[in-house]
Amino acid sequence: MDRGKMIVSLPTDLIREIFARLPSKSVARFRTLSKQWASILRSTDFTKLFLSRSSNRPRLLFAVERYKCNEWQFFSSPQSQNRYEKSAHLEFHSKFSGDVSHYICSYASGLLYFPAVHIVDTETIVICNPITGMYTGLPVIMKDRRSRGFLVFDPVDKRFKAFDTHFILTLGSGELKWREKNIPCPLYERCSSNQGICINGVLYYLAKTVLVETVYGLTFLIVRFDVSSEEFKFIDAARFNDRLKDPTRLSLVNYMGKLGVTDCKCVDAGGRRTVELCLWVLEDVEKLEWVKYVYTLPENEVLASCEFSVAGVTATGDIVLCMKYTCKPYYVFYFNPEKKTLQTVEIQGFGAKLEEVENRGEVFAYVDYVEDLSLNDAKQLKSSISHVKSLCPCCQKLVQPENIGEVV
């Protein structure tokens, strides 16, 4: 019996169930085999089913920046689902070359936003799907003004928006054009070393504003932007002012649907070096009621001796810490606040080059990544990021996009 005919003769519901268990890249390949399969695998019913199944197997998304080489690489690995997992293997997805500004990239619902990418002799804002490598460029807001913005997702209109201070651009609305929203607010500057976090359609990010009475003449505030209504609120964050000199230790996280702020430091516990993790949770956003938790993590020689960052909090409540730079071995740590347990998982597959000390890359990790076919099919992302051309940082010659590192 012809194998292809046998599969096509299966009930449509069964075909959907089978393919809903595959990675999105495999689904994309099978769509090209026949018109019938394309019809089934592009249907709304299958897209919803795939998202449902994918939600049950969340992944960690890794964006790795090799700053000196102007190179970004994107990987993902299964997110730990049980306490006995000791290792996980990476899947490489895409890469691109382009001089990225010092303003950190932002993440929203599967897409990454790079506020300023210098491509050859042009600077542009880039939004890309790290899984498919598709991207689009956005117009600059003003000449000689670098973007420091974010990408956010509107859960009401089901659209992405780019947001930068008081300028907003809606994707999928026709012409890509920034519009200004005038609001009365204190004069503030975003902390460029800290990522924002979008929770249930609300963006939060850390900023500094002038307050002469404080030690540094500044104070922290948290900007709250409702993506759907496009309304702003400002949250007093003076409780974090002891971090004004070095705000990089502070991370904004989605803690079970509420805004959380974490701060980690190494401490001496009974003569042994370990990590202390402070977590502030905004329990009531209207009354501005914060609750503080302090955890001393179980002793772990690797964690206590390496540079690390807080990647986020999983839907099940695990606080995920990851090593800041690629190396071998490379570890991710899952801390469960309720059980006071710390799970160490070795992440394998960055490749020999990234694992070398002289070629290491800085790691930005995102928890609970879910593959979404509707995102992969987004019409706004029309070009492949691998085709982006840039200049070699050493000799300023044009880099061959498909073979980063060689020049022409």
**Request:** For Asp263 and Arg249, run salt bridge (charged side-chain N to carboxylate O under 4.0 Å, His left out): C-alpha distance rounded to whole Å, both residues' side-chain angles, the deciding distance at 0.1 Å, then the answer.
**Result:** CA-CA 6 Å; Asp263 179 19; Arg249 278 171 42 186; 3.0 Å; yes
Does any non-hydrogen side-chain atom of [Y] lie less than 4.5 Å from one of [X]?
X: Ser109; Y: Phe160; value: yes
X: Asn359; Y: Arg66; value: yes
X: Leu259; Y: Trp290; value: yes
X: Arg21; Y: Glu17; value: yes
X: Phe114; Y: Ile125; value: no
X: Met323; Y: Cys306; value: yes
X: Gln73; Y: Leu354; value: yes

Describe, in one word, how the ring planes of [X] and [Y] are oriented to each other, choosing from parallel (under 30°), tilted (30 to 60°) and perpendicular (over 60°).
X: Phe50; Y: Phe46; result: tilted
X: Phe225; Y: Phe232; result: tilted
X: Tyr331; Y: Phe333; result: tilted

Check whether any side-chain N or O of [X] sits under 3.5 Å from a backbone N or O of [Y] as a donor-acceptor pair, and report yes or no.
X: Lys48; Y: Asp45; answer: no
X: Trp280; Y: Thr262; answer: no
X: Arg224; Y: Tyr204; answer: no
X: Asn129; Y: Leu111; answer: no
X: Lys258; Y: Tyr255; answer: no

**Request:** Answer yes or no: is there an ion pair linking Lys86 with Glu346, defined by an N-O contact shorter than 4.0 Å?
**Result:**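 The answer is no: the pair does not qualify as a salt bridge.
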**Request:** May I ask you to decide whether Asp318 forms a salt bridge with Arg83, counting only side-chain N to carboxylate O separations under 4.0 Å?
**Result:**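 Judged by the 4.0 Å cut-off on N to carboxylate O distance, Asp318 and Arg83 do form a salt bridge.
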**Prompt:** What residue among Tyr369, Phe150, Phe364 forms side-chain contact (heavy atoms from CB on, under 4.5 Å) with Tyr107?
**Reply:**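 Of the listed residues Tyr369, Phe150, Phe364, the side-chain contact (heavy atoms from CB on, under 4.5 Å) partner of Tyr107 is Tyr369.
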**Prompt:** Would you say Glu301 has more than 12 foreign heavy atoms packed within less than 6.0 Å of its CD?
**Reply:** no
**Heavy atoms from other residues, nucleotides or ligands near CD of Glu338 exceed 12 (cutoff 6.0 Å)** = no
**Asked** Measuring from Phe19:CZ to Ile40:CD1, what's the distance to the nearest 0.5 Å?
**Response**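 So the gap between those two atoms works out to 8.0 Å.
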**Item:** Separation between CZ of Arg159 and CZ of Phe153, rounded to the nearest 0.5 Å
**Value:** 11.0 Å
Quick one about [Y] and [X] (side-chain donor to acceptor, distance below 3.5 Å, no hydrogens or angles considered), yes or no?
X: Asn241; Y: Thr219; result: yes
X: Glu85; Y: Tyr334; result: no
X: Thr326; Y: Glu355; result: no
X: Arg179; Y: Thr170; result: yes
X: Thr344; Y: Asn300; result: yes

**Request:** Start with the C-alpha distance between Cys327 and Arg360, add both sets of side-chain angles, then the distance that settles side-chain contact (heavy atoms from CB on, under 4.5 Å), and finish with yes or no.
**Result:** CA-CA 7 Å; Cys327 59; Arg360 70 179 186 174; over 6 Å; no
**Prompt:** Between Glu371 and Ser24, is a side chain to side chain donor-acceptor pair (under 3.5 Å) present by the stated rule, with each step listed?
**Reply:** CA-CA 7 Å; Glu371 291 186 292; Ser24 60; 2.6 Å; yes
**Prompt:** Hey, which of His166, Lys181, Lys161 is the one that makes side chain to side chain donor-acceptor pair (under 3.5 Å) with Glu230?
**Reply:**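 Of His166, Lys181, Lys161, side chain to side chain donor-acceptor pair (under 3.5 Å) with Glu230 is met by Lys161 alone.
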**Request:** Verify side chain to side chain donor-acceptor pair (under 3.5 Å) between Glu91 and Ser77, making sure each step is shown before the conclusion.
**Result:** CA-CA 6 Å; Glu91 179 182 355; Ser77 75; over 6 Å; no
